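Chain identifiers are assigned alphabetically (A, B, ...) following the order of the sequence lines, protein sequences preceding nucleic acid strands; residue numbering begins at 1 within each chain. Just so you know, these numbers come straight off a predicted model, no measurement behind them.
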Amino acid sequence: MSRPLTEQEQIRREARQDLEAFGVNPYPYEWTVDAHAAEILDTYDDDAHDPAGEGTDPLRVSVAGRIMGRRVMGKASFFDLQDSTGTIQVYIRRDDIAEGRDFYNKVFKKMLDIGDLVGVTGEVFRTHMGEVTVKADSLQVLSKALRPLPVVKEKEGEVYNEVTDKEFRYRQRYVDLTVNPEVREVFKQRTQIIRTLQRFLDARGYLEVETPVLQPIYGGAAARPFITHHNALDMPLYLRIADELYLKRLIVGGFDGVYEIAKDFRNEGLSRFHNPEFTMLELYVAYKDYRWMMELTEEMIAHTATELHGTTDIRVGDEDISLATPWRRLSFFEGLRNATGIDLRGADRESLLRVAEANDLEVDPALGKGKLYDELFGELVEPTLIQPTFVVDYPVELSPLAKRHRKHGDEGIVERFEVIINGRELCNAFSELNDPQDQRERFEEQVRLKEAGDEEAMRAVDEDYLRALEYAMPPTAGLGVGIDRLVMLLTNQDSIRDVILFPLLRPEQPQEEAATEAEAADAEAADAEA
RNA sequence: GACUCCGUAGCUCAGUUGGCAGAGCAGCUGGCUUUUAACCAGCGGGUCGCAGGUUCGAGCCCUGCCGGAGUCACCA
């Protein structure tokens with residue numbers, strides 16, 4: 001399994017040995033950090049802190065971070081130290097550091113490299129060139145890097161040798177985060193967005209809960225699942241494709257509002273907008289309907305944007321988008337009528353196929369009505385909806401868990417909305433179906449679709465869920481929000497891989513080699529069990 | 001899954017008609033005590049994604065495979 005080392009890797013391994021020979025532990029145990037780069041740059045004041053000034057009180061700091069650049073000038077050097085907050089320059093002089101001349105000449109100049117982690121103590125001053133700098137009086141190696149870090153330089157806003165290779169960046173996210181600091185910002189914002197949503201929902205008294213990832217019957221969405229197996233029970237289990245059915249059981253159980261921010265898993269293709277595991281917010285509130293949920297949704301998203309950016313006006317790609325409330329409402333069939341000139345309420349399969357053809361859409365003629373509606377709307381209407389829009393009142397065929405419309409139920413319409421922003425679906429919500437008999441019929445229709453070949457239809461009637469409904473579930477409003485897409489929208493990232501720290505990629509090892517290793521691991525596991 | 005484009009040094013990239021594989025940064029040696037893409041002098045570093053084929057000769061042309069990006073399909 002040994003890999004030939006590059007020249008630079010060999011040199012760094014030698015340096016590591018040289019450090020040990022010199023009596024320096026290349027991997028010591030701790031360092032006291034009492035200041036960070038951003039804070040030092042922010043607080044340093046020439047009048048108050050200049051060590052050369054009269055009556056000043058020098059600012060002493062102890063910092064730690066990664067060496068990102070070195071400028072060695074004989075008996076004195078500068079280097080850039082990057083920590084979690086930014087980068088600060090360090091000035092180190094042969095005759096000024098506590099560790100002595102040998103340490104400077106041999107350890108600092110010969111054994112340390114870009115990429116190494118070091119700790120520095122010293123006083124902060126401003127150089128002739130005007131840069132706030134820590135003048136090191138002590139330097140300690142904190143962790144020796146054995147691989148060369150890509151060196152990115154910058155001058156007057158121009159970035160040189162920026163690491164741009166997407167594959168490199170996704171596979172070695174640790175390097176990406178180190179050399180592209182703006183990537184860290186995106187992920188900090190991701191966390192901030194999720195926290196804001198949690199605080200918003202917590203403030204309204206809704207309970208954040210956890211429901212099973214491993215499910216004997218999957219449901220709550222139309223998607224193909226990942227299948228796994230439980231050894232002790234000797235039964236198949238599915239990784240959840242949605243939290244919906246479990247959360248609604250909790251509403252039956254008496255909670256007024258529950259939500260979960262969780263990973264769902266769908267065994268489908270990868271793309272700029274799809275990762276096999278992704279994060280969903282699902283929220284269910286008792287005694288409310290989808291109209292109420294619309295108001296909550298727009299308020300929640302607008303609030304999240306404001307918390308993040310201080311405004312509801314955001315720039316996404318080439319579009320200026322306003323998340324200010326209230327958002328436009330457009331009925332599903334009105335949208336279709338605007339696009340096709342035809343009122344398609346209650347249309348049969350054949351006429352939907354004709355409309356598809358008339359609009360140059362290639363569709364599988366075997367598709368059911370629900371899928372056809374979905375196809376037409378997705379192709380003809382969705383891409384035109386840039387500003388936030390509630391699309392309301394969907395056909396029943398598309399929505400097996402939504403309640404029939406209170407006025408137009410007879411026309412095959414349910415109380416459901418989706419939020420479309422920048423041409424993409426962001427949220428999905430309905431007045432939840434709580435009539436157990438109606439729900440059973442919808443499930444059975446799904447099973448028929450499944451048997452007719454629709455791979456995404458639900459494969460089994462969830463009898464326990466129906467049992468729960470039979471104990472009576474209150475009228476309930478439910479909402480799902482695609483968190484990854486929300487983060488993409490609010491951070492202006494055009495690929496889901498740029499808002500997921502470790503997106504799924506094919507393994508870089510050759511398949512055969514990986515397979516052999518997996519077999520070996522399985523054999524080992526079997527031995528251990530025996 | 002289909003199609004298009006891409007894969008050359010640690011990083012960013014050149015590479016002509018098929019004719020000795022290059023640059024900048026990084027690295028190594030030496031010099032330089034306020035530099036900042038530090039600078040000056042010198043030196044090393046390559047399975048050109050992998051495997052075949054065509055050819056006197058392939059980084060370059062052809063075929064297959066691997067990996068990535070994009071578009072489409074499915075989905076959120």
Asker: What does A:Glu375 touch in the nucleic acid at a heavy-atom separation under 4.0 angstrom: a base, only the sugar-phosphate, or nothing?
Answerer: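 Counting heavy atoms under 4.0 Å across all strands, the contact made by A:Glu375 is with sugar-phosphate only.
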Asker: What is the base-pairing partner of B:rA38, counting Watson-Crick and G-U wobble geometry with both distances under 3.5 Å?
Answerer: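 In the structure as shown, B:rA38 has no Watson-Crick or wobble partner.
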Asker: Quick check: does any side chain N or O of A:Thr85 sit under 3.5 Å from a backbone N or O of A:Ala37, one acting as donor and the other as acceptor?
Answerer: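 Judged by distance alone, yes, a pair lies under 3.5 Å.
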Asker: Which part of the nucleic acid does A:Ser77 contact within heavy-atom distance under 4.0 Å: base, sugar-phosphate only, or nothing?
Answerer: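 Nothing, no nucleic acid heavy atom in range.
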Asker: If you measure from CG on A:Leu112 to CZ on A:Arg12, what distance do you get to the nearest 0.5 Å?
Answerer: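 Rounded to the nearest 0.5 Å, the CG-CZ separation comes out at 10.0 Å.
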Asker: From the list B:rC74, B:rC28, B:rG68, which nucleotide is the closest neighbour of the side chain of A:Asp113?
Answerer: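 Nucleotide nearest to A:Asp113's side chain: B:rC28.
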Asker: Heavy atoms only, 4.0 Å cut-off, all strands: where does A:Glu379 land among base, sugar-phosphate and nothing?
Answerer: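 Sugar-phosphate contact only.
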Asker: Please give, in whole Å, the distance from B:rA76 P to A:Ile500 CD1?
Answerer: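 In whole Å, B:rA76 P lies 16 Å from A:Ile500 CD1.
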Asker: Expressed in angstrom and rounded to an integer, what is the separation of A:Asp116 atom CG from B:rG27 atom P?
Answerer: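 From A:Asp116 CG to B:rG27 P: 11 Å.
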Asker: At under 4.0 Å between heavy atoms, what does A:Asn267 touch on the DNA or RNA strands: base, sugar-phosphate, or nothing?
Answerer: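 A:Asn267: no heavy atom of the nucleic acid under 4.0 Å.
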Asker: Does the cation-pi check pass for A:Arg485 over A:Phe278, that is, NZ or CZ under 6.0 Å from the six-membered ring centre and within 45° of its axis?
Answerer: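 So A:Arg485 doesn't make the cation-pi contact.
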Asker: For A:Arg272, which contact category applies under a 4.0 Å heavy-atom criterion: base, sugar-phosphate, or nothing?
Answerer: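 Sugar-phosphate, backbone atoms only, no base.
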Asker: Within the structure shown, what part of the strands sits under 4.0 Å from A:Ala222 by heavy-atom distance: base, sugar-phosphate, or nothing?
Answerer: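 Sugar-phosphate, no base atom in range.
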Asker: Taking atom types as modelled, is there a side-chain donor on A:Tyr290 or A:Asp393 under 3.5 Å from an acceptor on the other?
Answerer: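 Yes, a side-chain donor-acceptor pair sits under 3.5 Å.
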Asker: Paired with B:rA2 by Watson-Crick or G-U wobble geometry, both distances under 3.5 Å: which nucleotide is it?
Answerer: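 Pair assignment: B:rA2 / B:rU71.
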Asker: Looking for any heavy atom pair under 4.0 Å, which part of the strands does A:Arg171 touch: base, sugar-phosphate only, or nothing?
Answerer: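 Sugar-phosphate contact only.
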Asker: Verify the stacking flag for A:Phe273 against B:rA76: centroid separation must be under 5.5 angstrom and the ring planes must differ by under 30 degrees.
Answerer: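 Taking the rule of under 5.5 Å and under 30°, the ring of A:Phe273 does not stack on B:rA76.
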Asker: Determine the Euclidean distance between corresponding C1' atoms of B:rA26 and B:rC43; express it in Å to zero decimal places.
Answerer: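 My reading of the C1' atoms in B:rC43 and B:rA26 gives 15 Å.
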Asker: Verify, without hydrogens or angle tests, whether A:Glu260 (side chain) and A:Thr211 (backbone) share a donor-acceptor contact under 3.5 angstrom.
Answerer: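 Yes, the answer is positive, given that a donor and an acceptor are paired below the 3.5 Å cut-off.
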Asker: Tell me yes or no: between the side chains of A:Tyr218 and A:Asp462, is some donor less than 3.5 Å from an acceptor?
Answerer: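 A:Asp462 and A:Tyr218 do not have a side-chain donor-acceptor pair below 3.5 Å.
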Asker: Taking the C1' atom in each of B:rA38 and B:rC20, what is the distance between them to the nearest angstrom?
Answerer: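 One C1' to the other, the span is 36 Å.
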Asker: Using the ring of each side chain (for Trp, its six-membered ring), is A:Phe332 parallel, tilted or perpendicular to A:Phe377, with breaks at 30° and 60°?
Answerer: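 A:Phe332 vs A:Phe377 ring planes: parallel.
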Asker: Take atom OH of A:Tyr160 and atom P of B:rA38, then tell me their distance rounded to the nearest Å.
Answerer: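 Result: 11 Å.
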Asker: May I have the distance from A:Glu167 (atom CD) to B:rC11 (atom C1'), rounded to whole angstrom?
Answerer: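 Nearest whole value for this atom pair: 15 Å.
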Asker: Distance between the C1' atoms of B:rC5 and B:rC11, in whole angstroms?
Answerer: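 To the nearest whole Å, 22 Å.
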Asker: Anything under 30° is parallel, anything over 60° is perpendicular, the rest tilted; go ahead and classify A:Phe265 against A:Phe226.
Answerer: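 The rings of A:Phe265 and A:Phe226 stand perpendicular, inter-plane angle above 60°.
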Asker: Side chain of A:Ile11 only, please: which of B:rU35, B:rG27, B:rU12 is the nearest?
Answerer: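 The closest nucleotide is B:rG27.
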Asker: Among side-chain atoms of A:Thr121 and A:Asp137, is any donor-acceptor pair under 3.5 angstrom?
Answerer: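 Yes, side-chain donor-acceptor contact under 3.5 Å.
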Asker: Take the protein atom CZ of A:Phe265 and the nucleotide atom C1' of B:rA76, then report the distance between them rounded to whole Å.
Answerer: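 Roughly 14 Å, once rounded to whole Å.
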Asker: Between the protein and nucleotides 32-34 of chain B, which nitrogen or oxygen pairs are less than 3.5 angstrom apart?
Answerer:
residue, atom, partner, partner atom, Å
B:rC32, N3, A:Val72, O, 3.4
B:rC32, N3, A:Gly74, N, 3.2
B:rC32, N4, A:Gly74, N, 3.1
B:rU33, OP2, A:Lys75, N, 3.3
B:rU33, OP2, A:Lys75, NZ, 3.4
B:rU33, O2, A:Arg93, NH1, 3.3
B:rU33, O4, A:Asp95, OD2, 2.4
B:rU34, O2', A:His128, ND1, 2.4
B:rU34, O2, A:His128, N, 2.9

Asker: Starting from P on B:rA69, measure out to CD1 on A:Ile496 and report it in whole angstrom.
Answerer: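 That distance rounds to 13 Å.
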Asker: Just to be sure I understand the rule, does A:Arg169 reach a base, reach only the sugar-phosphate, or reach nothing, if contact means heavy atoms closer than 4.0 Å?
Answerer: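 Here A:Arg169 touches no strand at all.
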Asker: Rounding to a whole Å, what distance do you find between A:Lys153:NZ and B:rA26:P?
Answerer: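 Those two atoms, NZ and P, are 3 Å apart.
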Asker: Rounded to the Å, how far apart are A:Arg13 CZ and B:rC28 P?
Answerer: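 That distance rounds to 15 Å.
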Asker: Taking A:Asp80 for its side chain and A:Met68 for its backbone only, find out whether a donor-acceptor pair lies under 3.5 Å.
Answerer: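 Not at all, since once roles are kept as given, no pair shorter than 3.5 Å links the two residues.
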Asker: Using a cut-off of 4.0 Å on non-hydrogen atoms, how would the nucleic acid contact of A:Glu131 be classed: base, sugar-phosphate, or nothing?
Answerer: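 Base contact.
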Asker: May I ask you to decide if A:Asp50's main-chain N or O and A:Thr56's side chain share a donor-acceptor pair within less than 3.5 Å?
Answerer: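 At least one qualifying donor-acceptor pair exists.
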Asker: Sticking with atom P, work out how far B:rG19 lies from B:rC13, rounded to a whole angstrom.
Answerer: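 Looking at atom P only, B:rG19 and B:rC13 are 24 Å apart.
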Asker: Cut-off 3.5 Å, side chains only: do A:Glu282 and A:Tyr284 have a donor facing an acceptor?
Answerer: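 Yes - a donor-acceptor pair under 3.5 Å links their side chains.
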Asker: If we call it a pair only when both distances are under 3.5 Å in a Watson-Crick or G-U wobble match, what pairs with B:rC25?
Answerer: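 Here B:rC25 is engaged in a pair, and the nucleotide opposite it is B:rG10.
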Asker: B:rG27 and B:rG52: how far apart are their C1' atoms, nearest whole angstrom?
Answerer: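 Their C1' atoms lie roughly 36 Å apart.
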Asker: Any protein N or O atoms within reach of nucleotides 6-10 of chain B? Criterion: under 3.5 Å, listing atom names and distances.
Answerer:
residue, atom, partner, partner atom, Å
B:rG10, N7, A:Gln8, NE2, 3.4

Asker: Base, sugar-phosphate or nothing for A:Glu162? Non-hydrogen atoms, less than 4.0 Å.
Answerer: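 Result for A:Glu162 = sugar-phosphate.
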Asker: What distance, rounded to whole Å, do you find between the two C1' atoms, one in B:rU16 and one in B:rC61?
Answerer: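 Result for the C1' pair: 16 Å, nearest Å.
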